[in-house]
Amino acid sequence: MAGGLRILVADDHPLFRAAVVHTLQPFIADGGALYEASSFASLASAVGEQAELDLVLLDLNMPGAQGFSSLVYLRGERPALPVIVISSNDHPRTVSRAQEFGAAGFVPKSAPVAVLQNALRQVMDGGEWFPQDKATRSPADAQLAGQLAQLTPQQFRVLMCIADGLLNKQIAYELGLAENTVKVHITAILRKLDCNSRTQAAVMVKALQPEGES
């Protein structure tokens with residue numbers, strides 16, 4: 001695999017981002033680029049602005065995200081864009097859920113630099129990289145991923161606002177939408193998720209939390 005990759009590093013800790021950026025220098029030589037995001041909002045903006053991204057390195061815990069929600073968003077917005085999850089939560093169930101929700105790899109934050117570099121090479125060569133002791137994948141997660149994949153990117157943003165407890169007027173302000181448009185999105189979200197209420201939809205989002213987190 002040659003250099004020249006365009007990589008987005010999404011993590012809310014500046015020091016960790018700086019360490020990862022330093023690690024990735026060999027992969028961006030010869031015309032590549034590194035982009036950074038520190039929240040779900042900045043991740044969505046970067047993905048929208050950078051059409052030629054080759055890879056995303058994604059931390060699960062960022063402001064505005066709910067567990068695996070950023071990963072689910074990326075799979076819906078850019079299905080062909082490979083994502084490697086980098087997380088301090090390396091519980092086997094978390095690793096398996098990352099794979100279920102569409103990650104191409106999972107690297108614990110405690111792993112040596114060489115592990116991240118090897119994972120990146122393998123993923124960019126079209127493969128996957130996951131720890132060997134990952135748990136069995138769950139049919140319930142597969143169903144949840146399938147339901148959330150029905151949402152458009154804008155509907156997914158509205159759903160995240162619902163999960164944060166925002167009212168329609170607040171969602172409209174947050175996303176720059178008309179309040180009637182928000183209502184239309186919510187109706188579509190509830191239908192696609194087979195939910196009877198906003199509360200039920202919010203509970204589905206809470207199910208995206210990794211093992212051992214609330």
Side-chain angles (χ1 to χ4, degrees), residues 1-13 16-29 32-40 42-44 46-47 50 52-62 65-138 141-142 144-146 148-149 208-213:
M1 182 197 68
L5 296 177
R6 296 169 295 269
I7 303 173
L8 172 61
V9 180
D11 191 289
D12 65 336
H13 291 93
F16 184 79
R17 285 202 313 275
V20 172
V21 166
H22 177 74
T23 298
L24 297 178
Q25 290 304 316
F27 298 96
I28 62 167
L34 279 171
Y35 308 95
E36 299 182 36
S38 59
S39 65
F40 176 78
S42 58
L43 168 68
V47 169
Q50 306 300 332
E52 302 300 321
L53 285 173
D54 296 303
L55 177 71
V56 176
L57 302 182
L58 176 68
D59 182 26
L60 298 177
N61 294 317
M62 293 190 299
Q66 296 266 357
F68 290 99
S69 62
S70 295
L71 176 58
V72 173
Y73 173 81
L74 286 170
R75 304 320 303 139
E77 179 79 352
R78 300 280 287 276
L81 179 62
V83 179
I84 297 176
V85 172
I86 304 179
S87 178
S88 57
N89 182 342
D90 59 355
H91 189 287
R93 182 84 174 93
T94 301
V95 177
S96 68
R97 296 189 80 195
Q99 186 176 25
E100 191 72 70
F101 290 127
F106 186 104
V107 177
K109 283 190 173 182
S110 59
V113 168
V115 170
L116 175 58
Q117 293 175 331
N118 289 338
L120 193 150
R121 291 188 184 96
Q122 191 158 325
V123 168
M124 293 315 302
D125 284 341
E128 294 185 337
W129 198 99
F130 290 92
Q132 294 299 313
D133 60 348
K134 63 179 183 294
T136 303
R137 295 167 75 174
S138 162
D141 284 340
L144 178 58
L148 293 173
L208 291 171
Q209 291 292 347
E211 191 75 20
E213 298 182 12

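Screening residues 16-25 for salt bridge (charged side-chain N to carboxylate O under 4.0 Å, His left out) gives Arg17-Glu36 as the qualifying pairs, with residues at least two apart or on separate chains.
Residues Val47 and Arg78 approach most closely at O-NH1, 2.8 Å, considering heavy atoms. Smallest separation of non-hydrogen atoms from Leu55 and Pro82: CD1-O, 3.4 Å. When all heavy atoms of Ala104 and Val123 are compared, the closest pair comes out as O-CG2, 3.6 Å. Among all heavy-atom pairs drawn from Asp59 and Ser87, the shortest one is OD1-CA, 4.1 Å. The two residues Phe101 and Ala145 come nearest to each other via the heavy atoms CD2-CB, 3.5 Å. A pairwise comparison of heavy atoms in Ala119 and Val107 identifies CB-CG2, 3.6 Å as the closest pair.
The ring-ring contact (aromatic ring centres under 6.0 Å, His included) search around Phe40 returns Tyr73, not counting sequence neighbours. Every residue two or more places apart in sequence or in another chain that forms a side chain to side chain donor-acceptor pair (under 3.5 Å) with Ser42 is listed here: Ser39. Gln25 pairs by the side chain to side chain donor-acceptor pair (under 3.5 Å) definition with nothing, not counting sequence neighbours. Considering only residues two or more places apart in sequence or on other chains, Glu128 meets the side chain to side chain donor-acceptor pair (under 3.5 Å) condition with Gln99. Taking Asp12 as the reference, nothing meets the side chain to side chain donor-acceptor pair (under 3.5 Å) condition, with sequence neighbours excluded.
Under the 4.5 Å side-chain criterion, counting only non-hydrogen atoms from C-beta, Phe27 is in contact with Arg121. Taking 4.5 Å as the limit, every side-chain heavy atom of Leu8 sits out of range of all side-chain heavy atoms of Gln50. Inter-residue side-chain proximity for Val72 and Leu208 is flagged as met; some heavy-atom pair is nearer than 4.5 Å. Considering only heavy atoms from C-beta on, Val95 stays 4.5 Å or farther from Pro92 through its side chain. At least one side-chain heavy atom of Tyr35 sits under 4.5 Å from a side-chain heavy atom of Leu53. Between Asp11 and Lys109, the closest side-chain pair of non-hydrogen atoms falls below 4.5 Å. Between Phe16 and Val9 the shortest side-chain heavy-atom distance does not fall below 4.5 Å. Counting heavy atoms from C-beta on, the side chains of Leu60 and Asn89 never come closer than 4.5 Å.
Atom CD of Gln209 sits about 8.0 Å away from atom OG of Ser69, to the nearest 0.5 Å. Atom CZ of residue Phe68 and atom CG of residue Leu144 lie 10.5 Å apart, to the nearest 0.5 angstrom. Note that the CG atom of Asn118 and the CD atom of Gln122 stand 8.0 Å from one another [nearest 0.5 Å].
Side-chain N or O atoms of Thr23 include one that pairs as donor or acceptor with a backbone N or O of Ala19 at under 3.5 Å. Distance alone, capped at 3.5 Å, places no donor-acceptor pair between the Asp125 side chain and the Gly127 backbone. For Asp54 (side chain) and Arg6 (main-chain N/O), a donor-acceptor pair under 3.5 Å exists by modelled atom type.
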Give the intermediate values and the outcome of side-chain contact (heavy atoms from CB on, under 4.5 Å) for residues Ile84 and Trp129. CA-CA 8 Å; Ile84 297 176; Trp129 198 99; over 6 Å; no

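Checking each of Leu57, Leu5, Leu24 against Leu34 for a side chain to side chain contact (heavy atoms under 4.5 Å, CB included) leaves exactly one that passes, namely Leu24.
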